[in-house]
Structure formats: structure tokens, C-alpha cells
Amino acid sequence: MIATRALITFLLIAIAAQLYPYRSIEQRNVVFLADRSASMKGQEEIEHWIAEAWGHKSMNDYGAIVSTGLHAVVDRPLTKDPLASSESYTFRTELNDSFTDLSKGLQLSAAMLREQGGGRIVLLSDGSENAGNATRQARLLQDAGIAIDVVNLASELERDIAIDELIVPASLKQGETFSFELTIQSTFAGEAELRLFEDNKALSTSKVQLEKGENRFSLQSVALESGFHRFRAEIYTDEDGQSANNSAYAFSRVSGPPTVLIVEGISDSSENIESALTASVIAHQTILPEQLSQELAEYAAYDSIILNNVPATRIAAKPMEWLSKAVGDYGVGLMMVGGDESFGLGGYFQTPVERALPVYMDLQGKKQIPSLGLVLVIDRSGSMSDGKLELAKEAAMRTVELLRDVDTVGVVAFDSGPWWVVEPTKLSEREEVINKIKGIQPQGGTEIYSALDAGYQGLLKIDAQRKHMILLTDGQSSTNMSYATITDPMNENRMTISTVAVGEGSDVKLLESLAKATNGRFYFTKDQSTLPAIFSRETVLMSRTYIVDGMITPSIGDAGDWRTLWNDGAPNLNAYIATTPKEMAEVALWSPDGDPLLARWTYGSGRSIAWTSDLTGKWSSDWVKWGTFPKVFAEWVKWTFPQFDSSPYHISTEVDGGNGKLIVESAGDDYASGNGAGVWAGLQNEAGTNTLKRLMPVAPGRYEVQMDAVEPGAYLVQIGSPQDGENAASINGGTTAGYVIPYSSEYQIGDEDGPELLKELAAVTGGRELSTEESAKSYSFDPLKKRMPFDWTQEILVVILLLWLLDIALRRLSLPWQRIMATIVAPIRGLQRGQRNTAESMSESGIALSRLKKRTDARNRFYGDEVPGLKQDRITVVNDKLTKPSNEREKRSTFASNDSHTNQPSYTSNVDITVQSMESSTNDQMSPDSEPRDRTVSRLLAAKNKNKRL
């Protein structure tokens, strides 16, 4: 019993320690992985290919069938059994064919092969993967020693059309005209019907002519109702191969009607602009520059502002600053329309408006410009101390910055008499000149004549192609002199004077007459903040030729989506204002001289446009007569509309396989706000069904939620806090947004990456590329030769059970175990005893023979070897009979044999006996010693017979 229990214990320990024996195997294992996604049009071809390959496997080979789509399923486990039919195999499983995830199929196939020690995978697919990562899975299989053989079964429908993309502006204004941009793929050339829907209501139905390949269409519509709207496009044709790719979705938020503010420099000069906006149902308001508000909030009420030939001299400092801030900070659009009082000619150099526009007002690096000699005569009397002098100094400094190094400038400050602040000098030391201008201080009275004469004398000393003087004062001269004595010589020397009267107390009549007498310009302003703009305008007018005239043919530049506006070319122009495009600006139209005619860019939160010609018809008669002009101009204006959404959330989606992820980004910490329930999303499908999901924070201001089994379409989502906490069924208030889920890429036309992916999978794992006719090669590879552990747990448990039963029997049954054991052991002991007796008998015989031999040797020594008359014979006892050698050789042989065994007793039945016989030559009478010799022989025979009996 102890031995039984010990053996049971040993076997249990072996099972617990997992001590398994090993066995060698030699077999081929193949898993056929069938791609059964929607892009695979020939499922019967796959079934037939697998059946043919299965028929070429040997009896010891294993095969399995796995199907893959969005998920992978086992259609037939690894088995040696043949298929029911040798001609074809019918798949028995169902799966989601909307996506292709080859990695899941490879993973499942590899798991089956590992259980059998390895093998190969035969992948039958078109390679159009749109979920998962098959390449990464292939690298894992390479490490596991599993090769992938690929069979490219790419197929294409003869007739199939698909809408790849539908683009609608994300935000629209009520009454705004917009375009549906569609991209349609087709495998054939023919006619199709295109339908557009808004919120499931038909908008239009039109016939379109398709060409094989990519087709692009643009259809016009008008945003009539405010709010969020879903749009859907559908296309139909006869004998279409599949309908899942015939729809596309988009959404847009339509807000209240847009409003544009038109600021015109000349009254009633904006008729062409107003007509174009009216044609596009864009509301507008027209004012003069002096009516611009001093409050920034009023500018944010407009979607865009148009400056139509407005000089900077008529825009006060605050409105000038607010125009720039409205664009950069509030996203309001800005457009400047050219004319003889706009851009550089309007004095916008280094103004806030110039910062917001896509062009510089000066001509940087342009053609040769005439040199200029300029003298600034500035009133510094006590009446200028209320801020006028500071603005006058700023105007003078801006003028210095606008001039070139080759130009000459002089500055005269006057009160009761003139004082040369800066003697006429070249601007090689520009900073020194500016610092001297900053040192002018107000004091004294006003005496204009002497200051004007000092300026004239300074101009006479200047060597320049153009000579000009700017006189600025806010008062009246204390003397009444004849100014003709100065103006006449100036005319003779081709010098000009421009005068600036500041405020009601200035001598407007005198200043205006001086300007007219020298062919200059007269400016009157009540707003001293316009002085820098006036000086800039004057400097530009005198230093450079800004107006470029002649027959100007625009050339097309690079402005993205605007290129379609010039499909039929652009009309000619008669003139424009020369400017310099900024580095980040997009120039849509260029002049032959390389000047921008139409430029745009993004400034801060807003957008701005520069049109350097006019729109009155004076410089652009062909443009305003162009039939497409209203549409083109409306596109310009709409491009400047605010682009950002007032919604505090930005929503996007990610789709991977059949699952989608909604991503919400917020600028604030909404998760900790509200009623503590966090941020929730109310999802609404096209049927109007609402689903409430809690958004989980994944980063500051970023939330995500999973969406299962998403279907293609345009969805609305409401973001906010639940109405009644976490158990709510709706969102309390919140913000409405939208997102689009397109149809699966499984249904796209023209996927060219599939064959390359299959080649890569085979190359990475060391597999083969098999053709559709090479099914027989599926099992043509070296078999596996591996030592595999043999799980003998079941067999060991059976043995343990039997031993346990034996142990019970030993302890429970009353059997004469000692008698049984004695019966079993008795034959064994008898056999052992017989062997022992035989050994003892043989030992006694050997001892007797040894004694006999010794006596014989002693006798021979006593009688000697050569006794006359004594004959020695060798008698051999064989089978109880005495024999003697027949000849001398046999005697010697017998003696030699006996001599070699003298010291070793013999246990054979042959006994050699040496006898001596006495022969007489006369008779045969025996000797007296014959009797003892006979007795010795008799004893030897008796011993032999005893040994024989034993």
C-alpha cells in the first residue's frame, strides 16, 4: 500500500510540475483568410479558389478558413478533414462588410496556427484596408515565424458612381448666395441625375454629364432661413453597381442677414458697389468718412467695411484705430477700393489701416523716382500748445520716414520770427533730424511772411528735381505783406506750396490763395489728428508717381478658390494706384509692371482686401460693364465676412471602423462649472431621435465620447449641462453645432493602394504572391518539423485512478495476501534453489577431479616418464565409455589440453584419465598394479554419473 500511494503522489507531482514528454511532428498548416468586405465583388471566386487549394493537401496536413470584414470570424477550424465539396466551398458565417480590417483576420489566423506549432496564412483580398493596421500585424507575424501568402483578387464594378465630397460653407448669412461644391467619381461616361436636399426637403434636381474618372460640379443656392441646416446630395443612374456611395452630407449654420458698411470719399460714388451687393441680397449702409463712429462696439455690428476712395485725411485718429481693431480683434472684414485719394495718395502711410491691409503704401524697391527737396514750415506759436504742435511734429517725423535717403528736407519753426530747426540736409542721418524735430516747443506769436520767405530761400539752396513746401498754421499772420513777392519767384523756379489750416481761427483765405498761386493743395481740418495723414499724402504726391495709367491687362496670380472667377479671363483696366504687396499677402491679379491689382490676406481674426483701381468706371469701365462683375464683387466681400463661430465649442469627429469618436474643444473649464454634472452632448440623428452622452475630459478644454455603430449622415449636437442632472433626458440651453459622418471608404472608387499593401505583407513576412491559377501551391512548402510537448495529463489521471482503486482494494478486501504472494514467489525461489544446487554439484566434481589429477601426477613422478615395459595411455571418458587416443598426435593434443586446464577444474561430462599398462613382449598378462588402477577408474565413472544425474 505504501508503494501504491508513493506512486500516486509522484504522478500528481508530475502533473502539477507540468512534466511532459516531447514528440516530433511533421505537417503543413494553412489558414485561408478570406476578405469578405463590400469591396470584394467576387465571393464565389474566393470559395472556388479555397476548394481547389484544399484538394491539394495531404492526409496529414491541416487547413482552416477565416473570414474578415469589420471583424474576423472562424468559418472552419484547423482540421485534416476534407471539404464537403471539392469544387466549391460555401461560407457559413455572417459578418459586417462595411469595413475592411485585415489586421483582425491576421491576428485570429495566427492564434490558430500557434496552437499547431506554426504554418502559413493565405490571404485572399483586394488590399483595400480602411480599419486597423495590417502592416503592424505582419511585423508581429514575422517575429512568430508565420508567413503570409497573398492572392490579389481586386475587382471593379463596370458601372459605378460615387459622391466623394460635398462642400458647403460652415456658416452663412441669411439671404447669402452660396455654392454646393461636389466631387463625383465615375467608372463610365454617361448621364446621371443629381438631387440636392435641405433638411430632407428637395432643393433641386438636375441632369449632369459624367466623364470617366473625377468630375467636379458647382451648384448655386440661397440661404433663406436662419438656423442649422443639413444638406444632402444624391446621384442616380441606370444599372449602378452599388448605391451605398451615392450620397454625401454637409451642414451649415445660417445666421441673420449680413450687413456691409460703405464709406465713400465722394458722395454718390458707390452706386456700382451698392448694386452688386443688392444683387447678392447683402444689406448695406453708405456714409461719409466724417460719420465714422468714435465707439469701437459699433464697428463690430457690421460683417465687412468698404473704404471707397477715402483719403486718410478725412478719418479721425479714433476711427482710424477702431477700423484696424475691428478687423484684427473682432473679425470684421475690410476692403479698400482705389481712386486718386486712396492708398498712398490718400495718406495711409504708417496708419493703423495700412497695418490691416495686405499692401504697403510706399513703393519699396520700385523704378527710379525723381529726387525731392522738401521744406516744412510749422507754426509753433502759443496757440499750438493744446496738442496741435505735437501732432504737427508727428506729421513732420512721419514725412521724414517716408522720404528716401537721397531726398533733402528742411524744417522751419516760426512764431514771431522763423527758426531753422533743421537746415536743408540729405536724410543720411535720419534719426538726428527726427530728434531735432522733437525739440520744437510752443511759444510766441504768429508771423507767416518771414517764415515763408525763409523756406523759399532754403529751397533755392536745394539741388533736387522736385521742390515743395508745406505750410501749417492755426492762426493769422501779424503782418500784412504782399506774398506775390514769394510766390512768383517760386513759380519761376517750379516750386510748389501746399498749406494746412488747423481750426476755425486759421487764416483760411490766405492759406488757400497761397496754395492756388503755386499750384499746390489746400487742406482745412478741424481734427488735428489728421495732420500726419495730410503730411504723408503731400509727401507721396510730391515724391513719387503713384498713378499708373494706360491699357492694363491683369494677369492671374495665386488666390486659391478665386481662380475660378477668372476662367474666362479678367477685363482690362485704365489706371490704378501703385502699391507694394506685403510678404504674407495673396495676390490674385497682377499688373504688367508687377504691382498688385487685387490682393488679400488674414489680419488677426479678420480678413482684408485691397483693390487698387476704382469702381466708379473712371479707371475700370470694362469691369463695371462686365456681366459677371456683381457676382465677382460679392465673392470678394463675402470672403471678408467673419470666419470664426461665436460658439464656445469646436466640434470634430474621428471614425475608425464602425465606431466613431466625438471630440469637443472648449476654451473654458466647463467640466467644473454648472451643476456639477459636467459637459454633456445631445446627439440628434436625421430621424430626430435624441441621445444624451456624457463627455469625458481627456485634456484641459478637450472632451471625447464614443459613438457606436455610426451611420453616414449630418448630425446636430447640443453641448451643455443636463437639465436635471445626470438623469436628464435633454440639455438645458447649451450650444448647437453639427458634424458629418461620411459613408465608409469601403465603397470609394479607385483605391490604388491595395495591391501595394498586399505586396508589403508578403515581403515583410517572407510570403509569396500567388495568382488566381496557383491554388495548388498553397501547400507547396516545407513541412513543420518540431518537437512538441505531449500532454499526457489525461493518461496519467487514468493511471492514478486505477492505482487509487488498487489502494482501496488493498485496504478494504479480506484476502490471504501472504498466501497469494507466497504462491507467486514460490516458482521463483525454486528456480533460484536449483541453480544453487547445480553450482554446488559441479563444484564437488571439480574438487574430486583435481584430487585425482594430483595423485596421477604424483605417481608419474614416482615411476618416472620412461619406465621400460610400462606404457602410458590417455583414456577419455565420453558418455560413460572409456576411449583412448588413436594416435600420438591426438595423445599430445589431449595432454596439451589437460595441461592447460590443470589448475582449473572441469565441469563437463568428459573426463580424461591417464592409465599405465604393462605390456609384455611375450604375453598380455596384467601387472600387479592393475587392480588399484581399475578402482580409480571406477571411482571416476561414479563421480561422473552423479554429476550427470544432478
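Side chains are part of it too, since the values below use all heavy atoms of this structure and drop only hydrogens, waters and symmetry mates. One is the number of the first residue; the rest follow in order along the sequence.
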Verify whether one side chain among [X] and [Y] offers a donor that lies under 3.5 Å from an acceptor in the other.
{"X": "S506", "Y": "D474", "result": "no"}
{"X": "N519", "Y": "T496", "result": "no"}
{"X": "S498", "Y": "E538", "result": "yes"}
{"X": "T616", "Y": "D614", "result": "yes"}
{"X": "D415", "Y": "S381", "result": "no"}
{"X": "T530", "Y": "T525", "result": "yes"}
{"X": "E274", "Y": "H284", "result": "no"}
{"X": "Y523", "Y": "T499", "result": "no"}
{"X": "T640", "Y": "S304", "result": "yes"}
{"X": "S293", "Y": "W322", "result": "no"}
{"X": "T351", "Y": "E354", "result": "no"}

Problem - Lys/Arg-Asp/Glu bridge criterion (N-O < 4.0 Å) met for E394, R398 - result: yes

Handout entry: Carboxylate-amine/guanidinium proximity below 4.0 Å for E321 and K318
Key = no

Give a yes or no on whether the backbone of [Y] and the side-chain of [X] come within a donor-acceptor separation of less than 3.5 Å.
{"X": "W623", "Y": "P571", "value": "yes"}
{"X": "E429", "Y": "V433", "value": "no"}
{"X": "K173", "Y": "K638", "value": "no"}
{"X": "S608", "Y": "M335", "value": "no"}
{"X": "K582", "Y": "R355", "value": "yes"}
{"X": "T313", "Y": "I534", "value": "no"}
{"X": "K436", "Y": "V421", "value": "no"}
{"X": "N491", "Y": "A517", "value": "yes"}
{"X": "S477", "Y": "E447", "value": "no"}
{"X": "K467", "Y": "L372", "value": "no"}

Handout entry: 4.5 Å side-chain heavy-atom contact, T612 and D595
Key = no

Problem - Gap between atom OG1 of T518 and atom NE2 of H468 - 0.5 Å precision - result: 8.0 Å

Practice task
Mind checking the CD1-OG1 spacing from I273 to T286? Nearest 0.5 Å is all I need.
Solution key: 8.5 Å

Exercise for the section: Would you sort out whether E583 and Y360 count as a side chain to side chain donor-acceptor pair (under 3.5 Å), showing the intermediate values? Expected result: CA-CA 10 Å; E583 291 77 7; Y360 295 110; 2.9 Å; yes

Problem - Derivation and outcome, salt bridge (charged side-chain N to carboxylate O under 4.0 Å, His left out), residues E290 and R314 - result: CA-CA 6 Å; E290 290 79 9; R314 296 176 61 184; 2.8 Å; yes

Exercise for the section: Measure from NZ or CZ of K325 to the centre of the six-membered ring of Y299, then state whether that distance is under 6.0 Å and the direction lies within 45° of the axis. Expected result: no

Handout entry: cation_pi(R600, W611) dist<6.0 Å, angle<=45
Key = no

Handout entry: Sequence-distant partners of Y603, ring-ring contact (aromatic ring centres under 6.0 Å, His included), two or more places apart
Key = none

Problem - Y449 ring center near Y483 ring center (under 6.0 Å) - result: yes

Problem - Ring centers of W636, W639 separated by less than 6.0 Å - result: no

Could you report the tightest heavy-atom contact between [X] and [Y], atom names first, then the distance?
{"X": "W619", "Y": "D340", "value": "CH2-N, 3.7 Å"}
{"X": "D303", "Y": "P258", "value": "OD2-CA, 3.1 Å"}
{"X": "Y456", "Y": "P489", "value": "OH-CB, 3.0 Å"}
{"X": "L531", "Y": "K388", "value": "CD1-O, 4.0 Å"}
{"X": "I305", "Y": "L323", "value": "CD1-CD2, 3.8 Å"}
{"X": "A634", "Y": "S280", "value": "CB-OG, 3.0 Å"}

Exercise for the section: Keeping to residues at least two apart or across chains, list the salt bridge (charged side-chain N to carboxylate O under 4.0 Å, His left out) pairs with something in residues 478-504. Expected result: E504-K526

